[in-house]
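Report on the following structure.
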Amino acid sequence: MSSKASKTIGVLNLQGAVTEHLNMLATIDLVIPITVKKPEQLSQVDGLIIPGGESTAISRLIRQNGLFEPIQEFAKQGKGIFGTCAGLVLCGNETSHSEVEQLGLMDIVVERNGFGRQIASFETMLDIAPIGQQVPAVFIRAPYIARAGKQVTQLAFIDNHCVMAEQDNILVCSFHAELTTDNRIMRYFIEKC
Ligand code: GLN
């Protein structure tokens, strides 16, 4: 594939902020955005976004739609996966909330709703070394990464809590970049796909 080839990027369409990701993908050249609801659709995409929403609901729907093992297989093939907010919770391999069945794609321990109810939602700017400075980030009942394994690169922090990380083909962030007009994080993900 030449670097000019287009890439098809899927957004897992079970629950949560699906449209916002599709809209942001539409702002990037040579990207074909599609929604993914069934396992067979994974063969059509170069990368998959697991959006924010309710990680309990999304994990149940992943099982009901027969997507649990197919998503794990997709990740093992080295295809890009981007988990945002609830999607980050799902990519992890440990959390204190046992009602969420995690996909275990990344060696991280997740503190679900880590920022607590008092500051449930806020917006801030982050400096993210491989991406750039002053990247806007919207946090909505966001998780954080409490512990990360050696293969994980931690990319951004708030109050010493890790809010963005990557491990090979898997990228996760605690916040919603798709609710802003800044598509730098999305472009970074697409390069991984
Ligand atoms: N707190 C939610 C959960 O863990 C995530 C919130 C979000 O995705 N904005 O399911």
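Every value quoted in this text rests on a predicted model; they were computed, and no experiment measured them. Counting from 1, the numbers follow the sequence of the chain as shown. Numbering of ligands and ligand atoms starts at 1, following listing order.
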Exercise for the section: Could you tell me whether some N/O pair between Ile140 and ligand 1 is separated by less than 3.5 angstrom? Expected result: yes
Exercise for the section: Answer yes or no: is there an ion pair linking Arg63 with Glu69, defined by an N-O contact shorter than 4.0 Å? Expected result: yes
Problem - Residue pair Phe189 / Ile49, side-chain heavy-atom distance below 4.5 Å - result: yes
Fill in the blank from the handout: atom 10 (O) of ligand 1 sits nearest the protein heavy atom Ser55 N, 2.5 Å
Handout entry: Any N or O of Arg141 closer than 3.5 Å to N or O of ligand 1
Key = yes
Handout entry: Polar atom proximity, Gly53 to ligand 1 (N or O, under 3.5 Å)
Key = yes
Practice task
Please tell me if the side chains of Phe68 and Leu103 come closer than 4.5 Å, counting only heavy atoms from C-beta onward.
Solution key: yes
Problem - Short N-O contact, Arg141 and Glu54, less than 4.0 angstrom - result: yes
Problem - atom 7 (C) of ligand 1: the protein heavy-atom neighbour that sits closest, reported with distance to 0.1 Å - result: Cys85 SG, 2.7 Å
Fill in the blank from the handout: closest protein heavy atom to atom 4 (O) of ligand 1 is Arg112 NE, 2.7 Å
Exercise for the section: Classify the ring geometry between Phe139 and Phe175 as parallel (under 30°), tilted (30 to 60°) or perpendicular (over 60°). Expected result: tilted
Practice task
Return yes when His97 approaches ligand 1 closer than 4.0 angstrom through a heavy atom, no otherwise.
Solution key: no
Problem - Side-chain ion pair, Glu99 and Arg112, N-O less than 4.0 Å - result: yes
Problem - Top protein contact for atom 1 (N) of ligand 1, by heavy-atom distance - result: Asn113 OD1, 2.5 Å
Handout entry: Intermediate values then yes/no, side-chain contact (heavy atoms from CB on, under 4.5 Å), His176 and Ile140
Key = CA-CA 8 Å; His176 297 261; Ile140 304 170; 4.0 Å; yes
Exercise for the section: Would you mind listing which atoms of ligand 1 come within a distance below 4.0 Å of any non-hydrogen atom of Gly52? Expected result: 8 (O)
Problem - Pro143, any N or O under 3.5 Å of ligand 1 N or O - result: no
